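Read the structure below first, then the notes.
Nothing fancy with the numbering, it's 1 onward along the sequence. Nothing here was measured: the structure is a model prediction, and the numbers come from that model.
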Amino acid sequence: MKSRKSPRWLRRAPWERGTATLIGLGLVMLMQPWSIEVYSHAFTVLLAGVIGYSIAGKLPTPEAPSAPPPQGGATSGPAKPVPRWPANGPAVPRPELDHE
């Protein structure tokens with residue numbers, strides 16, 4: 001199944017960056033003490049940023065080119081198990097716990 005390539009202006013990353021900036025701007029506008037006019041528009045800017053960010057999360061991400069499969073060597077084959085501490089092994093004396 002072929003995927004359609006989305007237009008460049010409709011990619012997720014720039015829209016998420018822009019709306020995150022809008023959210024930050026809205027928070028700064030909400031917390032500044034100098035202008036009541038700026039404060040009165042802060043909630044609208046903040047709400048637009050949050051709605052835009054939730055919509056931008058649904059936009060497609062550009063697909064990275066797939067890497068070729070490994071051709072042998074140390075990277076091929078099944079992964080080897082990582083050795084674990086023996087759960088039922090002999091008890092090891094620990095001097096820092098010996099309080100006698």
Under 3.5 Å, which donor-acceptor pairs link side chains of residues 19-26 to any protein atom two or more places apart or in another chain?
from	atom 1	to	atom 2	distance (Å)
T19	OG1	W15	O	2.9
T19	OG1	E16	O	3.2
T21	OG1	R17	O	2.8

- request: Give a yes or no answer on whether the side chain of R12 reaches the backbone of L59 with a donor-acceptor pair at less than 3.5 Å.
  value: yes
- prompt: For V28, which fellow cluster members are found when Ile, Leu, Val, Met, Phe, Trp and Tyr are connected by side-chain heavy-atom distances below 4.5 angstrom, either directly or through intermediates?
  reply: none
Listed partners of S35 passing side chain to side chain contact (heavy atoms under 4.5 Å, CB included), at least two apart: Q32, E37, V38
- line: Residue set satisfying side chain to side chain contact (heavy atoms under 4.5 Å, CB included) with I55, at least two apart, ordered chain then number -> I51
- prompt: Is there a path from M31 to V50 through hydrophobic residues (I, L, V, M, F, W, Y) whose side chains come within less than 4.5 Å of each other?
  reply: yes
message: I need the full list of side-chain hydrogen bond (donor to acceptor under 3.5 Å, both in side chains) pairs touching residues 44-60, with sequence neighbours left out, sorted by first then second residue.
response: none
